[in-house]
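Have a look at the structure below before the remarks.
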Amino acid sequence: MSRKPLMVGNWKMHANHLETIQMVQKLSYRLDGPDYDRVDLAVAPPFTALRSAQTVIEADQIPIALAAQNVHQEPEGAFTGEISATMLAKLSVSYVIVGHSERRSQFLEDEALINRKAKAVLAAEMTPVICVGETLEQREAGQTDEVLIRQVAGALSGLTPDQVAGLVIAYEPVWAIGTAHSAEPDDVQQRIERCRAVVIDSFADGGEHIRILYGGSVNPGNIGGYMAKRDIDGALVGGASLDPDTFAMIVRYWT
Ligand code: PGA
C-alpha cells in the first residue's frame, strides 16, 4: 500500500498574519513542482493568519494546503471565543489538528471531545489530523500501547471505514515534543504499526489507507530516519517548521 507522505507545520501560537505571509512565500520559494509530487505539504498558522495565508496561497498558486490548529465541536452557537469547522472550511482549510497534547493537557480535552471535534471536521469536508501519544510517566509505567489504543479507538469511535481511510493520525509522544529528545525511529515504527493494527481491526481497509505521521522534535537531521520506516507516512513539525529554510529541508527529506 503506497501512501503519499504528508508534512504538516504546526506553528502553534507563533506568527502574526504578516509574518505568516512571509513564511508561506519563503517556504514556497524553496520548493518546486517535483517536491509537491512526492509530498503533500500543509501549514497550520494561528486562526488570525488563516485568511492572509489563504489569500497568498491562492494569488501565487502555491500548492501548500492550509491547516488549522483546533476547532470547536459544534457547528455554531453561543460559544464566545470559539471557531467552527464551517468557518475554517470557508477559508479553504483542508486539515484540522485535533487533540494535540497541548490541548489535552492544558485545555483538558478528552477522548469524547476529540471524537466530536473529528466528526465536526469531517462533516465540514476537511481532514482531521488526530494527535495521540503517551506522557513520559505513562511510558515509564509500560502503558504506551494501552494509551495509544485507547486514544486511537476513542478518537475514531462511530466513524465509517470510508471516513477513517481519509484521515490522518499523528503519533506524538508527549515527552518528545519541543524537547530535542526525539523518539527512536524503530520505536516509532513499532508504535505506529500498533496504531495501524487497531484501525485495521475496527475499520479493515481504512487502516491501510490512513496516513500516520510522527511528531516530536523532528529536524532536518532526523527526518530521513523516520521516513525510511514502512509505517511512518510523514511528520507533524512544530519548532523546526517556523524557519522556512529548515522546514523546506525536512519536506525534502530525501535530499
Ligand atoms: P516539535 O512540536 O516539533 O516542536 O517537537 C511538534 C508538535 O507539537 O506538533
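Every value quoted in this text rests on a predicted model; they were computed, and no experiment measured them. Computation of the quantities below employed the complete heavy-atom set of this structure, encompassing side-chain atoms and omitting hydrogens, waters and symmetry-equivalent molecules.
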### Query
How far does OH of Y171 sit from CG of L213, to the nearest 0.5 angstrom?
13.5 Å
### Closest non-hydrogen atom pair, A124 against T86
CB-N, 4.2 Å
### Task
For S202 and V199, indicate whether the former's side chain and the latter's backbone hold a donor-acceptor pair under 3.5 Å.
no
### Task
Scan side-chain atoms only and decide if E184 and Y226 contain a donor-acceptor pair under the 3.5 Å cut-off.
no
### Task
For the pair Q189 and Y214, evaluate side chain to side chain donor-acceptor pair (under 3.5 Å) and give the outcome as yes or no after the intermediate values.
CA-CA 9 Å; Q189 162 62 31; Y214 167 70; over 6 Å; no
### Message
Assess, by modelled atom type and distance only, whether the side chains of E137 and W175 contain a donor and an acceptor separated by less than 3.5 Å.
### Response
no
#### Entry: Chi angles and distances behind the salt bridge (charged side-chain N to carboxylate O under 4.0 Å, His left out) call for E208, R196
CA-CA 7 Å; E208 290 291 349; R196 196 179 300 288; 5.5 Å; no
## Note on the structure
Nearest heavy-atom contact between I212 and C195 is CD1-CB, 4.2 Å
### Message
List the residues meeting salt bridge (Lys or Arg N to Asp or Glu O under 4.0 Å) with E102, not counting sequence neighbours, and say none if there are none.
### Response
K12
### Task
Kindly determine whether E193 and K229 satisfy salt bridge (charged side-chain N to carboxylate O under 4.0 Å, His left out), including the steps that lead there.
CA-CA 10 Å; E193 203 176 329; K229 299 291 171 191; over 6 Å; no
### Query
Which residues pass the salt bridge (Lys or Arg N to Asp or Glu O under 4.0 Å) test with D245, sequence neighbours left out?
R30
### Query
Are L6 and L122 grouped together when hydrophobic residues (ILVMFWY) are joined by side-chain heavy atoms under 4.5 angstrom apart?
no
#### Entry: side-chain contact (heavy atoms from CB on, under 4.5 Å) between I83 and V71, intermediate numbers included
CA-CA 6 Å; I83 305 283; V71 68; 5.7 Å; no
#### Entry: Considering all heavy atoms, the nearest I232-P185 contact
CD1-O, 4.2 Å
### Message
Does C131 form a side-chain contact (heavy atoms from CB on, under 4.5 Å) with I97? I'd like the steps, not just the answer.
### Response
CA-CA 7 Å; C131 300; I97 299 171; 3.7 Å; yes
### Query
Do side-chain atoms of D233 reach the backbone of I169 as a donor and acceptor pair under 3.5 angstrom?
no
#### Entry: CD (E76) with more than 12 external heavy atoms under 6.0 Å
no
### Task
State which residue, out of V168, I130, V164, fulfils the side chain to side chain contact (heavy atoms under 4.5 Å, CB included) condition with I210.
V164
### Message
Quick check on the hydrophobic clustering: are I177 and V129 connected, directly or via other members, by side-chain heavy-atom contacts under 4.5 Å?
### Response
no
### Query
Under a 4.5 Å cut-off applied to non-hydrogen side-chain atoms, are V121 and T127 in contact?
no
### Task
Starting at CG of L66, measure out to OG of S92 and round the result to the nearest 0.5 Å.
7.0 Å
### Task
Check the surroundings of atom CD in Q25: do more than 12 heavy atoms from other residues, nucleotides or ligands lie under 6.0 Å from it?
yes
### Any side-chain heavy-atom pair of T246 and N219 under 4.5 Å
no
Listing, residues 36-51 side-chain donor-acceptor contacts under 3.5 Å, not counting sequence neighbours, or none:
unit_1	atom_1	unit_2	atom_2	d
D40	OD1	K4	NZ	3.0
D40	OD2	R211	NH1	2.9
R51	NH1	Q54	OE1	2.6

## Note on the structure
Interatomic distance, CG@L167 vs CG@D162, rounded to 0.5 Å, equals 11.0 Å
### Query
Should V132 and F203 be counted in the same cluster of Ile, Leu, Val, Met, Phe, Trp and Tyr side chains packed under 4.5 Å apart?
yes
### Task
Kindly say whether S157 contributes a backbone atom to a donor-acceptor pair with the side chain of N115 at under 3.5 angstrom?
yes
Per-pair distances, 0.1 Å, donor-acceptor, side chain in residues 141-155, under 3.5 Å, sequence neighbours excluded:
unit_1	atom_1	unit_2	atom_2	d
D145	OD1	R191	NH1	3.0
Q151	OE1	G133	N	2.7

### Task
Without swapping roles, check the side chain of S217 against the backbone of A176 for a donor-acceptor pair under 3.5 Å.
yes
### Task
Would you mind reporting whether H72 and S84 have side-chain heavy atoms less than 4.5 Å apart?
no
### Query
Side-chain contact, heavy-atom cut-off 4.5 Å: Q69 with V98?
no
### Task
Without swapping roles, check the side chain of S94 against the backbone of A65 for a donor-acceptor pair under 3.5 Å.
no
## Note on the structure
Residue set satisfying salt bridge (Lys or Arg N to Asp or Glu O under 4.0 Å) with E172, at least two apart, ordered chain then number -> none
### Query
V8 and Y253: same hydrophobic cluster, using ILVMFWY side-chain contacts below 4.5 Å?
no
### Message
Test your reading of the model: is there a side-chain donor-acceptor pair from D60 to the backbone of I62, 3.5 Å cut-off?
### Response
no
### Query
Are M23 and L242 side-chain neighbours, meaning at least one heavy-atom pair lies under 4.5 Å?
yes
### Task
Please confirm whether the backbone N or O of E19 pairs with a side-chain atom of Q22, one donor and one acceptor, at under 3.5 Å?
no
### Task
Nearest 0.5 Å please: distance from the CG atom of D35 over to the OG atom of S28.
11.5 Å
### Query
Side-chain heavy atoms under 4.5 angstrom apart, residues restricted to Ile, Leu, Val, Met, Phe, Trp, Tyr: same cluster for W254 and L31?
yes
### Query
Which pair of heavy atoms, one from L27 and one from A248, lies closest together, and at what distance?
CD1-N, 3.9 Å
### Rounded distance (nearest 0.5 Å) linking atom NE2 of H14 with atom OG1 of T20
11.5 Å
### Query
Quick check: does any side chain N or O of S241 sit under 3.5 Å from a backbone N or O of G9, one acting as donor and the other as acceptor?
no
### Task
Mind listing the closest non-hydrogen atom pair of A183 and V188 along with its distance?
CB-CG2, 3.5 Å
### Query
Near R103 CZ, under 6.0 Å, is it more than 12 heavy atoms from other residues, nucleotides or ligands?
yes
### Task
Only counting residues at least two apart or in another chain, list the ones meeting ring pair (Phe, Tyr, Trp, His ring centres under 6.0 Å) with F247.
none
### Task
Kindly give the heavy-atom pair with the smallest separation between A68 and V93, and that separation in Å.
N-CG1, 3.8 Å
### Query
Which residue, K117, R104, R116, forms the salt bridge (charged side-chain N to carboxylate O under 4.0 Å, His left out) with E109?
K117
### Task
Any chance you could measure L91, atom CG, to M126, atom CE, to the nearest 0.5 Å?
9.5 Å
### Message
Before you tell me yes or no, could you show the steps for Q190 and D186 under side-chain contact (heavy atoms from CB on, under 4.5 Å), namely the whole-Å CA-CA distance, both residues' side-chain angles and the distance that decides it to 0.1 Å?
### Response
CA-CA 6 Å; Q190 234 179 63; D186 281 338; 5.9 Å; no
